[in-house]
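Some notes on the structure that comes next.
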Amino acid sequence: MISEKVNQIGASPTLKISAKAKSMRAEGIDVIDLSVGEPDFPTPENVKAAGVKAIQENFTKYTENDGIPALRKAIIQRLKDDHGLTYGMKEVIVSTGAKSSLFHVVQALVNEGEEVIVPSPYWVSYPECVALAKGKTVIVPTREEDGFRLTPDQLKSAISPATKALILNNPSNPTGAAYERRHLEALAEVIKGEDIYVIADEIYGKLVYDGFLFTSFAALGEDIKKKTIIINGASKAYSMTGWRIGFAAGPADIINGMFKIQSHTTSNACSIAQKAALEAFGGPQYEVQRMVSEFQRRRNYVLMKLHSVPGISCFNPQGAFYLFPNVKSTFDKEAEGVPIRNSYGLAYYLLKQARVAIVPGDAFGADDHVRLSYATSMENLEMAMDRILKALAKLKTAKKAKRVALNNTVAKVKKSVPVEPAVDAKMRDALVGEMDGHLGYENIYEWNANIGGVLVQLKTNSAHLSDFWMENWYPARLEADVEPHGVVYAVDGIAGREPRAFYNSETKTGVLVNTDGYGPLRSLALGLVADFAERMLGVHAVRGMSADIGGNGLVLIGPPGTNKTELFFDLLKDPRFRLQSNDILFVRYQGGTAAADSVERKLYIPTNTVEAFDRLAPLFDRSKCENVITRKEDCKHEECLRKDDCRLDRGSPYCYKASKEAHALLDPNWIGGKGAVARRTNLRWVFILRNDAVSPAAVKLGKDEALRVLEAGESAGAKKSTAKPQPFYNPHLLLTSPERTELEKSFYGRLLDSAECYLYNSGVAGADKIKEIVI
Ligand code: PMP
């Protein structure tokens, strides 16, 4: 498992889009890539020559950790010439790209929990950089009316005692917004009175248009300079993205902190690239001017094209090489029946339809926008804009579809947890004491469920577990003095404890520690109920999917990999079959019949069942859900990822099939309407599933043989799974002892007195064969 802090960040979305564009091009599709964040100009000849010379002179070894002195001197001189700033040699560090400087400065400054203010729309790496330092990003949305600039009032109200720094990107990626000197001075007034730093990312400082005069934040006065760390580099101004040279300039103590970090991460930036950068920063600057005037021409062209599209507005940026149009008017339009819902949807549509790659604004915290880079040839831009305009013209107003707000909770613990099923009385008391200690008075949720006549009380501090518990089961009688038959404690947030389940059979006590997912709680409760009901009530828990046809029931029993779900829902497509249970039934034996009851008010059903039964999707939309995937980064559905036709890419806000761990609590009555659900049936057929290519479709088993198969509980998937055998195919059974096995066998013996048993091979037969046997 990767760490929590890495788990919460995503890979750079711009990288992913560029990679997508590249792979489409490899397939022969002529995609134009407007997602790039680098100038299309070649690195200037004199700069390249300096790199070549470095190689020829064998300048290919480690250098000073913070950069060769000559380069640092050239950077100091450049800062002097460009901004009138004076820095000493210990106040500048050269790094492997501006990104590396930025990462190091955040690591050097931010303590766990400290806040970093980031105006949005923001460059994608800022929040992730802060998250990796365990800091907290405070996002301050800027407004288009304010030129996408942070205002002094916004800054003032975002500052808290925990604020450590402001990251100010001027000019901005993605908006292209630039701050004039007076704007910066107004922010500096606020900064002066506060104990915070400004990380001034000025990587686009040279790329400004219409005669804009760029001012470095550090140039606003000595007092401000002491609080400013300039981040800059060679990537953008000198068309040197691949050379990886960036730098930071700021107070010596902070640069020294970065020096220490860098000495353990990248060490010096590439020696050859440093020599080239020396030429870039120290040599003639006319190539930059040429590039700037070309960018200005392209910006004007793309802007003019965008302005011609009804409903789309675009801010006129004064810097960088991006345009950031507002495309909200395209949302809820559709193309060939597929609605566009957000910036991802539009980007996906343009990639497929117009074969132009752009970046969804959501990646920068501004979903109403998309980012187009004009750092590509005029010819490409002309072609791209023609295609974009044509594709946009094809969009039609969509029929108003009601937006569904997914009712979803994401749990930390998504899978089953290790269970200790035979806790003794002493340990039970100790555990209960510990749990009670954590439950207190204000944070406890308590509720009695009636699970097949067994009253189980839940005591938990998790609102989610309580919520699902109450939704899943029928309520027990309300009288205050009703004593439950069993109690389950589910306590989350206990420091230093692993997720685990415990059970004491004598007192029917279950304890669930640090497990906020509902599956383990439900399973523990079912195990408790089975233990109680089998001993005390003579009622038997059977794990399987069951259906009723005309008062007679069948159950499909089988390990994972035997297509149980597919078979089951195929049967349900026939209206003669009524759903009874998707997971467990409780059976009482009376007068030669096996009366089976379903005990759940709502079914806890994996949402990827939509693959077997697509009618479920709109029902899940209205159900309480757990662990449904809402971000592509979290998708683990290998097949889908390979196919690369992803509903999340197309703008859908969630996907039910992307995770095996996603569940819904579904009202079974919703599946087939009134009368389509049987609460009780008489079990007449038991199908034990296996899945291979050679066994016969259905083999009728005698009672003894059937009992042997059930007791062995061997996994019988097509891919010989390594899963442990599961006696009676029931993972909810908590206790396995010779005595328990005998009890189970005697129950199944009684079931098989009145029900026929088949070993059924789903590898060669579908639901039709079951129907043939049953009808
Ligand atoms: N800051 C901003 C705002 C950027 O857009 C980029 C590059 N996309 C960088 C920093 C990183 O530049 P470098 O390639 O030097 O790491």
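Counting convention: from 1, in listed order, for ligands and their atoms alike.
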Please state which protein non-hydrogen atom is closest to atom 9 (C) of ligand 1 and give its distance, to 0.1 Å?
-> Trp123 CH2, 3.4 Å
Just heavy atoms, cut-off under 4.0 Å: does Tyr126 contact ligand 1 by side chain, backbone, both, or neither?
-> side chain
At a 4.0 Å cut-off, with the gap strictly under it, does some heavy atom of Thr241 reach an atom of ligand 1?
-> no
Answer whether the closest heavy-atom distance between the side chains of Leu184 and Ile224 falls below 4.5 Å.
-> no
State whether Asp253 and Lys90 are salt-bridged, where the test is any N-O pair (Lys NZ or Arg NE/NH1/NH2 against Asp/Glu carboxylate O) under 4.0 Å.
-> no
If you draw the axis of the six-membered ring of Tyr197, does the NZ or CZ of Lys227 fall within 45° of it and under 6.0 Å from the ring centre?
-> no
Note: Lys206-Asp82 ion pair, threshold 4.0 Å (strictly below) = yes
May I ask you to say whether Asp367 pairs ionically with Arg341, meaning some side-chain N is under 4.0 Å from a carboxylate O?
-> no
Do Arg25 and Asp30 sit within salt-bridge range, that is, some charged N less than 4.0 Å from a carboxylate O?
-> no
When you check the gap from the basic side-chain N to the acidic O, do Glu294 and Arg290 get nearer than 4.0 Å?
-> no
Among Asp66, Ile93, Leu79, find the residue that satisfies the side chain to side chain contact (heavy atoms under 4.5 Å, CB included) test when tested with Phe247.
-> Leu79
Among all protein heavy atoms, pick the one closest to atom 1 (N) of ligand 1 and tell me residue, atom and distance.
-> Asp201 OD2, 2.6 Å
Judged by non-hydrogen atoms, does Gly233 sit under 4.0 Å from ligand 1?
-> no
Have a look at Ser235, Gly246, Ala234 and point out the one with the heavy atom closest to atom 13 (P) of ligand 1.
-> Ser235
Is ligand 1 under 4.0 Å from a heavy atom in the side chain of Ala98, in the backbone, in both, or in neither?
-> both
The atoms of ligand 1 lying under 4.0 Å from a heavy atom of Gly97, numbered in the order shown, are 15 (O), 16 (O)
Tell me which one of Lys236, Lys99, Glu38 gets a heavy atom nearest to atom 8 (N) of ligand 1.
-> Lys236
For Tyr204 and ligand 1, does the shortest N/O to N/O distance drop below 3.5 Å?
-> yes
Hey, which atoms in ligand 1 end up nearer than 4.0 Å to a heavy atom of Asn169?
-> 3 (C)
Counting heavy atoms only, which part of Arg244 comes closer than 4.0 Å to ligand 1: side chain, backbone, both or neither?
-> side chain
